[in-house]
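Worksheet: one structure, shown below.
Being a predicted model, the structure only gives us computed values, none of them experimental.
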Amino acid sequence: MKTLVMSCLYPCFCEELAARGYHILPTKSVDIFHRPERLHVDMQLLKIEDRLFTLNDCLQPLGRNYPDNVRLNCLYFGNRLYAKLSAADESVLAFCRERNIELINVRQGYTQCSTLVIAENAVVTADKTIEKALRRSGAEVLLIEAGDIRLEGFSYGFIGGAGFADNGVTYFFGDITKHPDYGRIEAFCRKHHSKIEIVCKKEPLTDIGGVVIL
């Protein structure tokens with residue numbers, strides 16, 4: 001049984017995934033962050049190979065405001081780390097240098113939550129700087145429009161925080177079919193042999209901070 005670390009602010013998401021056979025480990029609130037971000041796992045944990053970074057590992061000070069709140073909000077993908085390197089924690093950067101993991105700078109500090117990994121070499125994002133960096137590395141990228149994702153307290157959330165992929169299935173938190181780019185997203189997932197499943201269809205598509213699979 002796989003363990004998912006995730007926010008349970010909306011209990012139905014956790015309950016439905018537990019019913020599908022996952023063990024759910026709820027995040028705890030990190031009160032230094034803005035309220036909508038306090039339970040988001042992509043703000044609290046970063047998994048790179050066999051290493052799991054937590055906020056306790058951070059060598060640089062954390063803060064409520066950007067970019068001091070995104071020390072661990074980096075994307076590890078294809079043996080590369082994509083991040084706003086000036087904001088990423090030095091403990092993460094040092095680990096990557098030790099493991100010969102290429103460091104790629106992007107302007108978007110919310111790198112992990114801006115990017116939904118569909119398959120080994122396929123991602124979805126609404127951020128053009130992330131798109132360009134990933135394409136230069138040879139990834140297949142679907143660029144979608146920003147918006148139409150619930151994140152209470154903000155104008156909208158990010159696609160990476162609104163879903164995750166596991167074992168040939170891409171799960172979305174809420175009704176992805178209402179998203180303006182759903183047709184393109186569905187076709188992209190199908191191209192990469194990933195079936196879409198909606199968790200809690202009665203909820204709008206929601207950025208919960210994604211999941212970390214242990």
Side-chain angles (χ1 to χ4, degrees), residues 2-7 13 17 20 22 27 40-53 70 72-84 88 92 95-96 99 101-146 149 151 157-174 176 179 181-182 184-199 205-214:
K2 292 182 180 178
T3 295
L4 304 181
V5 188
M6 58 184 287
S7 166
F13 295 140
L17 286 170
R20 297 178 195 218
Y22 289 101
T27 53
H40 283 203
V41 71
D42 54 22
M43 304 290 290
Q44 301 183 20
L45 300 178
L46 173 62
K47 188 177 181 182
I48 303 177
E49 297 180 344
D50 57 353
R51 175 69 188 274
L52 184 67
F53 289 89
V70 293
L72 300 183
N73 207 310
C74 311
L75 174 69
Y76 175 63
F77 179 76
N79 201 42
R80 297 177 177 89
L81 189 81
Y82 299 84
K84 185 179 178 68
V92 173
F95 176 83
C96 290
R99 295 288 182 96
I101 296 169
E102 185 179 358
L103 299 173
I104 298 180
N105 188 58
V106 295
R107 291 201 299 269
Q108 173 60 265
Y110 289 96
T111 317
Q112 185 178 173
C113 64
S114 296
T115 313
L116 178 60
V117 176
I118 299 295
E120 184 176 344
N121 198 42
V123 302
V124 180
T125 185
D127 189 280
K128 292 182 179 179
T129 64
I130 294 174
E131 177 211 16
K132 290 178 182 178
L134 286 164
R135 286 191 190 279
R136 282 197 298 268
S137 298
E140 286 198 52
V141 186
L142 176 66
L143 182 68
I144 62 171
E145 292 297 320
I149 299 172
L151 178 57
F158 296 102
I159 191 67
F164 73 101
D166 181 41
N167 197 30
V169 179
T170 301
Y171 297 93
F172 286 99
F173 298 112
I176 181 66
H179 193 281
D181 284 315
Y182 172 69
R184 297 174 61 236
I185 293 169
E186 192 276 334
F188 188 76
C189 289
R190 185 163 17 91
K191 176 183 177 182
H192 293 282
H193 311 291
S194 189
K195 174 188 174 184
I196 286 179
E197 291 195 13
I198 298 172
V199 185
L205 185 62
T206 303
D207 180 351
I208 69 160
V211 308
V212 168
I213 303 175
L214 299 183

Closest approach of [X] to [Y] (non-hydrogen atoms, all atoms of both residues):
{"X": "Leu142", "Y": "Ile185", "value": "CD2-CA, 3.7 Å"}
{"X": "Ala165", "Y": "Thr170", "value": "CB-OG1, 3.9 Å"}
{"X": "Asp42", "Y": "Cys113", "value": "OD2-CB, 2.8 Å"}
{"X": "Lys84", "Y": "Gly109", "value": "CB-CA, 3.7 Å"}
{"X": "Ile149", "Y": "Ala162", "value": "CG2-CB, 4.0 Å"}
{"X": "Cys189", "Y": "Ile118", "value": "SG-CD1, 3.8 Å"}

Using 0.5 Å steps for rounding, measure from the [atom1] atom of [X] to the [atom2] atom of [Y].
{"X": "Ile130", "Y": "Arg107", "atom1": "CD1", "atom2": "CZ", "answer": "10.5 Å"}
{"X": "Leu81", "Y": "Cys96", "atom1": "CG", "atom2": "SG", "answer": "4.5 Å"}
{"X": "Tyr171", "Y": "Leu4", "atom1": "OH", "atom2": "CG", "answer": "8.5 Å"}
{"X": "Ile104", "Y": "Phe77", "atom1": "CD1", "atom2": "CZ", "answer": "10.5 Å"}
{"X": "Asp127", "Y": "Gln108", "atom1": "CG", "atom2": "CD", "answer": "4.5 Å"}
{"X": "Ile198", "Y": "Ile196", "atom1": "CD1", "atom2": "CD1", "answer": "7.5 Å"}

Evaluation steps, salt bridge (charged side-chain N to carboxylate O under 4.0 Å, His left out), between Glu186 and Arg184: CA-CA 5 Å; Glu186 192 276 334; Arg184 297 174 61 236; over 6 Å; no

Non-neighbouring partners of Val141 that pass side chain to side chain contact (heavy atoms under 4.5 Å, CB included), sequence neighbours left out: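 For Val141 the side chain to side chain contact (heavy atoms under 4.5 Å, CB included) partners, ignoring immediate neighbours, are Val123, Thr125, Glu131, Leu134, Arg135, Ala139.
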
[X] side chain vs [Y] backbone, donor-acceptor pair below 3.5 Å:
{"X": "Asp181", "Y": "Glu145", "value": "yes"}
{"X": "Lys47", "Y": "Val212", "value": "no"}
{"X": "Asp207", "Y": "Phe158", "value": "yes"}
{"X": "Asn105", "Y": "Tyr82", "value": "no"}
{"X": "Ser194", "Y": "Arg190", "value": "no"}

CA sep, side-chain torsions, deciding dist, call: His40, Asn73, side-chain contact (heavy atoms from CB on, under 4.5 Å): CA-CA 10 Å; His40 283 203; Asn73 207 310; over 6 Å; no

Using a 4.5 Å cut-off on heavy atoms from C-beta on, say whether the side chain of [Y] contacts that of [X].
{"X": "Asn79", "Y": "Glu102", "answer": "no"}
{"X": "Leu17", "Y": "Val199", "answer": "yes"}
{"X": "Gln112", "Y": "Tyr76", "answer": "no"}
{"X": "Tyr22", "Y": "Ile213", "answer": "no"}

Leu72 and Leu45: CA distance, side-chain angles, deciding distance, side-chain contact (heavy atoms from CB on, under 4.5 Å) verdict: CA-CA 6 Å; Leu72 300 183; Leu45 300 178; 5.7 Å; no

Between Phe95 and Phe53, ring centroids under 6.0 Å: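 Between Phe53 and Phe95, which both carry aromatic rings, the centre distance is below 6.0 Å.
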
Check against side-chain contact (heavy atoms from CB on, under 4.5 Å), Val117 and Phe164: CA-CA 7 Å; Val117 176; Phe164 73 101; over 6 Å; no

Listed partners of Arg99 passing side chain to side chain donor-acceptor pair (under 3.5 Å), at least two apart: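 By the side chain to side chain donor-acceptor pair (under 3.5 Å) rule, Arg99 matches Glu49, Asp50.
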
His179 vs Ile144, side-chain contact (heavy atoms from CB on, under 4.5 Å): CA-CA, chis, key distance, verdict: CA-CA 10 Å; His179 193 281; Ile144 62 171; 4.2 Å; yes

Atom NZ of Lys132: over 12 foreign heavy atoms under 6.0 Å: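 Incorrect, the count does not exceed 12.
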
